[in-house]
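Everything on this sheet refers to the single structure shown next.
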There are 2 protein chains.
Amino acid sequence: MERPRWLDEREQSAWRGYRRMRRLLDLELARELMRDAGLSEPDYDVLSDLAETPDRRLRLSELADRMLWSRSRLSHHLTRMQQRGLVTREECAADGRGAVVALTAEGRRAVEAAAPGHVAAVRRHLIDLLTPDEIAALDALTHRVVDHLTGPDDARR
Amino acid sequence: MERPRWLDEREQSAWRGYRRMRRLLDLELARELMRDAGLSEPDYDVLSDLAETPDRRLRLSELADRMLWSRSRLSHHLTRMQQRGLVTREECAADGRGAVVALTAEGRRAVEAAAPGHVAAVRRHLIDLLTPDEIAALDALTHRVVDHLTGPDDARR
DNA sequence: GACATCTGGTTGACATGTCATCAATCTGCC
DNA sequence: GGCAGATTGATGACATGTCAACCAGATGTC
């Protein structure tokens with residue numbers, strides 16, 4: 001192994017800041033979402049992804065891919081949400097193995113009630129604290145990193 | 001509730017990019033760290049925080065605060081790490097209730113073996129993909145958000 | 001000094017996420 | 001058609017994180 005190139009001071013500071021922000025932002029957004037809407041962040045993500053599809057229903061594998069979740073995790077989480085009446089499972093006509101998740105009326109009500117407050121929280125704790133330039137930089141940089149990580153496997157060693 | 005100010009296109013894109021990056025970066029760094037060093041990210045964080053203190057030991061509450069973990073979580077995690085021989089618990093001379101975590105020789109070996117590879121991964125998947133300006137922007141913006149979130153409670157509504 | 005209260009840490013019950021495995025079904029190939 | 005192998009989703013065992021209750025020792029008040 002070559003001699004490691006450690007992070008310089010600025011890089012170190014950015015990396016630590018990123019991780020600290022990540023943690024604090026997560027905690028706060030989750031806290032407010034639970035307090036104001038009774039939903040966890042994973043709940044909200046599932047519901048809002050479903051609410052955005054034309055049919056308000058998706059194949060499990062499709063949803064899992066969008067959310068970057070394992071199928072197992074999604075399956076477990078959906079059974080919990082199903083028990084709370086937020087979603088239902090349906091058979092898939094096109095593929096006998098497949099299943100489809102659909103938003104229930106109650107699930108729809110839940111996201112619609114939660115969304116304004118959640119967006120406001122994202123603004124309050126992140127977006128509105130940044131300059132337009134910073135938002136542009138964040139946009140560019142995150143997408144570059146995402147592209148790198150989803151590129152050909154050998155790019156990841 | 002006032003009419004919500006939704007995110008505009010750029011803001012939306014930055015927010016989604018951030019969350020996607022967060023997830024993918026996490027998965028990849030955790031995957032490599034486990035594969036190359038047999039440590040989880042929480043393991044690594046505990047060990048490297050300890051390794052950086054002059055005495056290689058810390059009060060539990062101090063460590064919990066630095067890591068933004070609950071005491072309960074830290075306590076559970078330390079008993080697991082203790083069973084693997086990475087850390088030990090000691091009594092605290094100054095406060096009869098208190099406890100101190102100390103790095104074992106093995107724990108020290110583990111971080112020192114893990115660190116170069118982990119730093120390299122952070123470079124490869126994040127730092128080295130950014131321009132100096134972007135690093136500076138990330139540094140500034142994350143710290144501003146952190147300061148906001150750790151400021152007076154009423155700033156958070 | 002004695003009592004009430006606070007604080008540091010542990011614990012157990014429970015929620016959530018991961019991993020390996022399984023059954024059903026689909027696909028490609030003969 | 002029929003079989004081998006791949007894919008889809010469910011499931012159970014286990015690892016990890018959260019929450020509330022608890023104990024022991026510190027601190028404050030009279």
Side-chain angles (χ1 to χ4, degrees), chain A residues 19 22-24 26-35 38-47 50 57-84 86-102, chain B residues 19 22-24 26-35 38-47 50 57-84 86-102:
Chain A
R19 299 200 322 153
R22 195 170 149 346
R23 173 92 180 130
L24 286 167
D26 227 41
L27 284 173
E28 182 61 18
L29 293 177
R31 198 179 65 76
E32 292 188 19
L33 191 58
M34 180 54 73
R35 182 194 63 190
L39 297 174
S40 69
E41 284 197 292
D43 292 339
Y44 182 85
D45 291 343
V46 168
L47 293 177
L50 282 175
R57 71 194 65 231
L58 279 172
R59 280 292 294 273
L60 289 209
S61 47
E62 171 66 20
L63 183 55
D65 289 348
R66 289 191 193 196
M67 306 193 43
L68 302 171
W69 281 13
S70 73
R71 283 146 196 233
S72 168
R73 176 179 181 184
L74 182 60
S75 184
H76 280 300
H77 201 87
L78 289 179
T79 64
R80 293 189 292 260
M81 292 180 72
Q82 196 168 10
Q83 283 162 357
R84 294 159 59 202
L86 298 171
V87 298
T88 49
R89 272 183 236 243
E90 302 172 352
E91 289 185 357
C92 176
D95 186 331
R97 297 163 300 184
V100 171
V101 220
Chain B
R19 299 201 320 154
R22 192 168 148 346
R23 173 93 179 133
L24 287 166
D26 228 42
L27 284 173
E28 182 60 18
L29 293 178
R31 198 178 65 78
E32 293 188 20
L33 191 58
M34 181 54 72
R35 182 194 63 190
L39 298 173
S40 70
E41 284 198 292
D43 291 340
Y44 182 86
D45 291 343
V46 168
L47 294 176
L50 282 176
R57 70 195 65 231
L58 278 172
R59 281 292 294 272
L60 289 207
S61 47
E62 171 65 19
L63 183 55
D65 289 347
R66 288 192 194 196
M67 306 193 42
L68 303 171
W69 281 13
S70 73
R71 282 145 198 233
S72 167
R73 176 179 180 184
L74 181 59
S75 184
H76 281 301
H77 201 88
L78 289 180
T79 64
R80 293 189 293 260
M81 292 181 73
Q82 196 169 9
Q83 282 162 358
R84 294 159 58 203
L86 298 171
V87 298
T88 50
R89 273 183 236 242
E90 302 173 352
E91 290 185 356
C92 176
D95 187 331
R97 298 164 298 184
V100 171
V101 221

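Chain A is the first sequence line, chain B the second, and so forth, proteins listed ahead of strands; every chain is numbered from 1.
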Closest non-hydrogen atom pair, B/Arg23 against A/Met67: NE-O, 4.3 Å
Between D/dT16, C/dT10, D/dG9, which nucleotide gets closest to the side-chain atoms of B/Ser75? C/dT10
Show the nearest heavy-atom pair for residues B/Ser75 and B/Arg89, with the distance to one decimal. O-NH2, 3.3 Å
Spacing between B/Leu39 atom CG and D/dA15 atom P, to the nearest angstrom: 17 Å
Whole angstrom is fine here: how far is it from CG in B/Asp43 over to P in D/dG17? 9 Å
Would you mind telling me which of C/dG9, C/dT18, D/dT8 lies closest to the side-chain atoms of B/Arg23? C/dT18
Nearest-neighbour nucleotide for the A/Asp95 side chain, C/dG8, D/dG9, C/dT25 considered: C/dT25
Is there a donor and acceptor pair, one atom on the side chain of A/His76 and one on the base of C/dT18, closer than 3.5 Å? yes
Could you state the atom-to-atom distance from CZ of B/Arg73 to P of C/dT16 in whole Å? 16 Å
Here the distance between atom P of D/dT8 and atom CG of A/Leu63, to the nearest Å, is 14 Å
Round to the nearest Å and state the distance from A/Glu91 atom CD to D/dT8 atom C1'. 14 Å
Calculate the interatomic distance between B/Tyr44 atom OH and D/dT16 atom C1'; express it in whole Å. 21 Å
Which residue, A/Leu27 or A/Gly98, contacts DNA chain D at a nucleotide closer to its 5' end, judged by nearest heavy atom? A/Gly98
Would you mind classifying the nucleic acid contact of B/His77 as base, sugar-phosphate or nothing, using non-hydrogen atoms under 4.0 angstrom? sugar-phosphate
Options D/dT16, C/dG17, C/dT25, nucleotide nearest the side-chain atoms of A/Pro42: C/dG17
For the base of C/dT7, is there a side-chain donor-acceptor partner from B/Arg97 under 3.5 Å away? yes
The reported gap from CZ in B/Arg80 to OG in B/Ser40 (rounded to nearest 0.5 angstrom) is 8.5 Å
Any donor-acceptor pair under 3.5 Å joining the side chain of A/Ser72 to the base of D/dT11? yes
5' precedence on DNA chain C between B/Arg89 and A/Ser70 (nearest-nucleotide basis): B/Arg89
Side chain of B/Arg71, heavy atoms from C-beta onward: which of D/dT16, D/dG9, C/dT10 has the nearest atom to it? C/dT10
For C/dT16, does OP1 or OP2 lie under 4.0 Å from any side-chain N or O of A/Arg80? yes
Send over the distance from A/Leu78 CG to C/dT16 P, rounded to a whole Å. 13 Å
Do the side chains of A/Val101 and A/Gln82 get nearer than 4.5 Å, heavy atoms only? no
Can you tell me how far P of D/dA10 sits from CH2 of A/Trp69, to the nearest Å? 14 Å
What pair of heavy atoms forms the shortest contact from A/Leu60 to A/Leu74, and how long is it? O-CD2, 3.2 Å
